[in-house]
Asker: 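Input: one structure, supplied below.
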Amino acid sequence: NAGVTQTPKFRVLKTGQSMTLLCAQDMNHEYMYWYRQDPGMGLRLIHYSVGEGTTAKGEVPDGYNVSRLKKQNFLLGLESAAPSQTSVYFCASSPGTLVGYGYTFGSGTRLTVV
Amino acid sequence: GESVGLHLPTLSVQEGDNSIINCAYSNSASDYFIWYKQESGKGPQFIIDIRSNMDKRQGQRVTVLLNKTVKHLSLQIAATQPGDSAVYFCAEPSPGGSYIPTFGRGTSLIVHP
């Protein structure tokens, strides 16, 4: 049972380039989330999804887009990367039945924008 | 605005000591709290949770205490081990009652052998 898998684990982008981060979960969870984590800032919610085909904005959505075409996958896109998007990105999923219950995180993607 | 916060950003202890990590919350309507542990290079992992109708909950070597009067949450780790070195986050429901938690900034626990 893999849980939540994120790819890639590391990436370096030039300013203006685009990329997609992939998150896959095999727990049949309804809810999926993308967070960014910066030093001293804790986890900040970028976008989330409460089910296949649905997405919603979180605390810091600007500069990112997401898609949830399949229940098990949640994609995070950066259309034109900026140095301010240098961060560690975490995907998470949960059953959605109780806040924080069953929350499972991936191991993270370290993104550097130069 | 209301937020989850931590009193100490870094806590250093000796192996074998007990550790106490504190968290203050300001949303009096929060009815559920969770503690997460994040080891270096990994994603956060669930440790223990507590509902607002409880004052104390115990797990394996960990105890969470909830004081609703002063809106304070603490995580106690008994006989701290080097493997306990990590950043610890508390979390509470986001304002509005969604199923999405709001995470605190985190406390770094450093255990010296």
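Note on naming: letters A, B, ... go to the chains in the order of the sequence lines (proteins, then strands), and numbering restarts at 1 for each one. Quick note: numbers below take in every heavy atom, side chains included, and nothing from hydrogens, waters or symmetry partners.
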Asker: Among residues at least two apart in sequence or on other chains, which ones pass ring pair (Phe, Tyr, Trp, His ring centres under 6.0 Å) with B:F33?
Answerer: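 Once residues adjacent in sequence are excluded, the partners of B:F33 under the ring pair (Phe, Tyr, Trp, His ring centres under 6.0 Å) criterion are B:Y25.
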Asker: Please classify the contact of A:E59 with chain B as side chain, backbone, both or neither, using a heavy-atom distance under 4.5 Å.
Answerer: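 For A:E59, neither part sits under 4.5 Å from chain B.
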Asker: Cluster question for you: counting only ILVMFWY and a side-chain heavy-atom cut-off of under 4.5 Å, with indirect links fine, are A:L111 and A:F90 together?
Answerer: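 Not linked; separate clusters.
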Asker: Dump the intermediate steps for side-chain contact (heavy atoms from CB on, under 4.5 Å) on A:R36 and A:Y64, then the final yes or no.
Answerer: CA-CA 11 Å; A:R36 61 177 290 173; A:Y64 305 95; 2.9 Å; yes
Asker: Sort by residue number and list every residue of residues 79-88 of chain A having at least one heavy atom under 4.5 Å from chain B.
Answerer: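 Within residues 79-88 of chain A, no residue comes under 4.5 Å of chain B, counting heavy atoms only.
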Asker: Please, which pairs that meet salt bridge (Lys or Arg N to Asp or Glu O under 4.0 Å) have at least one residue in residues 60-80 of chain B, sequence neighbours excluded?
Answerer: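 Found B:D55-B:K68, B:R61-B:D84.
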Asker: Side-chain donor-acceptor contacts of residues 6-17 of chain A below 3.5 Å, not counting sequence neighbours, with atom names and distances?
Answerer:
unit_1 : atom_1 : unit_2 : atom_2 : d
A:Q6   : OE1    : A:C91  : N      : 2.9
A:Q6   : OE1    : A:G108 : N      : 3.1
A:Q6   : NE2    : A:Y89  : O      : 2.9
A:Q6   : NE2    : A:T109 : OG1    : 3.4
A:T15  : OG1    : A:V114 : O      : 2.8
A:Q17  : OE1    : A:K14  : N      : 2.8

Asker: Considering residues, nucleotides and ligands other than A:R110, do more than 12 of their heavy atoms fall under 6.0 Å from its CZ?
Answerer: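 No, not enclosed.
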